[in-house]
Amino acid sequence: MTETRISALSPAAAALDEAGLVSAYSVADRSTPTLRVNFVTSLDGSATVKGLSGGLGGPADKLVFDTLRRLADVVLVGAGTVRSEGYGAMRLPDADEQWRVEHGLAAQPAFALVSRRLDLDPASDIFTKAPVRPLVLTSAAAPAGARDALAEVAEVVSCGDDHVEPQRIIDALVGRGLPQILCEGGPSLFGTLIAADLVDELCLTVSPLLEGGAGIRISHGESEAVRRMRLVHVLESDGLLLTRYARAR
């Protein structure tokens with residue numbers, strides 16, 4: 001935090017240190033299930049630059065990304081995003097692990113992948129080097145051979161008969177004692193969660209970049225559902241706007 005200044009946009013804008021950032025993104029009651037989604041977007045609405053989200057962020061966005069993982073019970077990601085963004089084993093740094101233990105949390109958050117086809121490599125570092133046995137959330141119609149192979153390295157959970165049902169994803173995670181859910185994408189999974197009205201929070205970083213229109217939106221789907229959100233805060237760092245919205249229910 002010493003090299004990256006993050007300030008609250010207020011008349012008395014003060015730089016947030018590590019504790020301040022944790023406070024800004026903490027929920028009031030961790031026992032209440034919360035589905036939080038984290039994305040970054042360009043000024044003109046793109047979720048990627050040259051196919052990846054990394055070109056839109058910066059040090060402040062990375063700090064928020066790390067803070068949200070520190071606070072989560074489980075990180076939820078679609079299999080397509082795992083492949084396109086090059087995910088490896090999810091392991092928080094030692095300092096974050098120590099903080100979690102000191103605050104009564106599991107040393108590492110769980111990692112849950114959503115995959116209808118189970119097009120995942122059981123030999124990937126995602127599974128073989130994971131500090132916590134990952135969850136793979138799929139449907140009963142998924143290929144039996146792929147299910148059996150992944151069951152050797154992960155807990156494979158059916159969340160629907162013919163397709164992965166979003167409410168059953170939440171139920172499966174909460175039922176395993178993981179009520180604080182952080183979704184890191186991708187757009188199709190986000191769109192599905194919006195359509196089901198399951199999104200409680202969106203943490204959106206707005207990058208001061210114009211991408212030009214080639215990239216994808218942060219959400220994708222066929223639903224025309226409109227969900228009203230309430231602004232919780234706006235933070236700023238070197239032109240990046242770090243916003244937090246909550247569902248207005």
Side-chain angles (χ1 to χ4, degrees), residues 8-9 24-48 53 56-57 61 64-65 67-69 71-82 84-85 109 112-116 137 139 159-160 162-175 178-209 211 213 215-236 240-249:
L9 292 184
Y25 285 96
S26 291
V27 298
D29 181 4
R30 290 191 60 89
S31 66
T32 300
T34 302
L35 173 60
R36 170 181 279 170
V37 181
N38 184 35
F39 265 102
V40 59
T41 180
S42 68
L43 286 174
D44 55 341
S46 177
T48 60
S53 61
L56 290 170
D61 179 61
V64 170
F65 179 91
T67 298
L68 294 177
R69 281 191 168 188
L71 293 169
D73 292 323
V74 57
V75 175
L76 176 70
V77 189
T81 295
V82 167
S84 65
E85 296 284 349
L113 298 89
V114 180
S115 178
R116 181 175 60 87
L137 309 175
S139 73
C159 294
D162 299 320
H163 63 279
V164 185
E165 300 175 17
Q167 183 62 64
R168 291 182 65 172
I169 291 175
I170 306 305
D171 293 344
L173 297 176
V174 174
L178 306 169
Q180 296 304 309
I181 304 165
L182 171 63
C183 178
E184 295 179 350
S188 293
L189 178 57
F190 187 21
T192 299
L193 296 171
I194 293 172
D197 198 15
L198 293 173
V199 177
D200 297 302
E201 290 196 7
L202 172 62
C203 297
L204 181 66
T205 296
V206 181
S207 173
L209 296 177
E211 184 267 348
I216 59 175
R217 288 168 45 106
I218 66 171
S219 68
H220 172 74
E222 299 179 358
S223 172
E224 296 182 357
V226 176
R227 313 297 186 193
R228 177 73 180 179
M229 306 293 285
R230 172 181 60 85
L231 179 64
V232 178
H233 72 224
V234 182
L235 311 177
E236 187 275 337
L240 283 172
L241 297 182
L242 309 161
T243 72
R244 178 184 176 192
Y245 287 88
R247 177 79 170 96
R249 299 192 183 278

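Computed from a prediction, not measured in an experiment: that's the story for all the values here. Quick note: residue numbers are just sequence positions, from 1.
Residues Leu240 and Ser207 are in side-chain contact: their nearest non-hydrogen atoms beyond the backbone lie under 4.5 Å apart. The shortest side-chain heavy-atom distance between Glu184 and Val75 falls under the 4.5 Å cut-off. The side-chain heavy atoms of Ser223 and Ile194, taken from C-beta on, include no pair separated by under 4.5 Å. Contact annotation: the side chain of Arg69 never approaches that of Asn38 to less than 4.5 Å [non-hydrogen atoms, C-beta and beyond]. Between Glu201 and Val27, some side-chain heavy-atom pair lies under the 4.5 Å cut-off.
In this structure, Gln180 contributes its side chain and Thr32 its backbone to a donor-acceptor pair below 3.5 Å. No donor-acceptor distance shorter than 3.5 angstrom exists from the side chain of Ser188 to the backbone of Gly186, with no hydrogens or angles considered.
Looking at every heavy atom in both residues, Ala8 comes nearest to Leu235 through CA-CD2, 3.7 Å. In this structure, Asp44 and Gly213 approach most closely via the heavy-atom pair OD2-N, 3.8 Å. Closest of all the heavy-atom pairs between Leu68 and Arg36 is CD2-NH1, 3.4 Å. Minimum heavy-atom separation, Leu56 to Ser46: CD1-O, 3.3 Å. Shortest non-hydrogen contact noted between Ala47 and Ile218 is CB-CG2, 3.7 Å. Annotation for Val174 and Pro179: closest pair CG2-CA, 4.2 Å, computed over non-hydrogen atoms.
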Worked verdict on Leu202 versus Phe190 for side-chain contact (heavy atoms from CB on, under 4.5 Å): CA-CA 10 Å; Leu202 172 62; Phe190 187 21; 4.0 Å; yes

Stepwise side-chain contact (heavy atoms from CB on, under 4.5 Å) test for Leu137 and Arg168: CA-CA 9 Å; Leu137 309 175; Arg168 291 182 65 172; over 6 Å; no

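Atom CZ of Arg227 has more than 12 heavy atoms from other residues, nucleotides or ligands within 6.0 Å. Within a 6.0 Å sphere centred on CZ of Arg247, other residues, nucleotides and ligands contribute more than 12 heavy atoms.
The CG atom of Leu231 lies 10.5 Å from the CZ atom of Arg244; values are rounded to the nearest 0.5 Å. The structure places OG of Ser42 at 5.5 Å from CD of Glu211, a figure rounded to the nearest 0.5 Å. A distance of 14.0 Å separates CG in Leu242 from CZ in Phe65, rounded to the nearest 0.5 Å. Within the model, atoms CD1 of Ile169 and CD of Gln167 stand 10.0 Å from one another, a figure rounded to the nearest 0.5 Å. Between Ile170 atom CD1 and Glu165 atom CD the span is 12.5 Å, to the nearest 0.5 Å. Once rounded to the nearest 0.5 Å, the distance linking CG of Leu241 with CG of Asp61 reads 11.5 Å.
By the ring-ring contact (aromatic ring centres under 6.0 Å, His included) test, Tyr25 pairs with His233, sequence neighbours left out.
Among Val37, Leu189, Leu113, the single residue meeting the side-chain contact (heavy atoms from CB on, under 4.5 Å) criterion with Leu76 is Leu189. Screening Asp200, Ile181, Leu198 for a side-chain contact (heavy atoms from CB on, under 4.5 Å) involving Leu193 leaves a single residue, Leu198.
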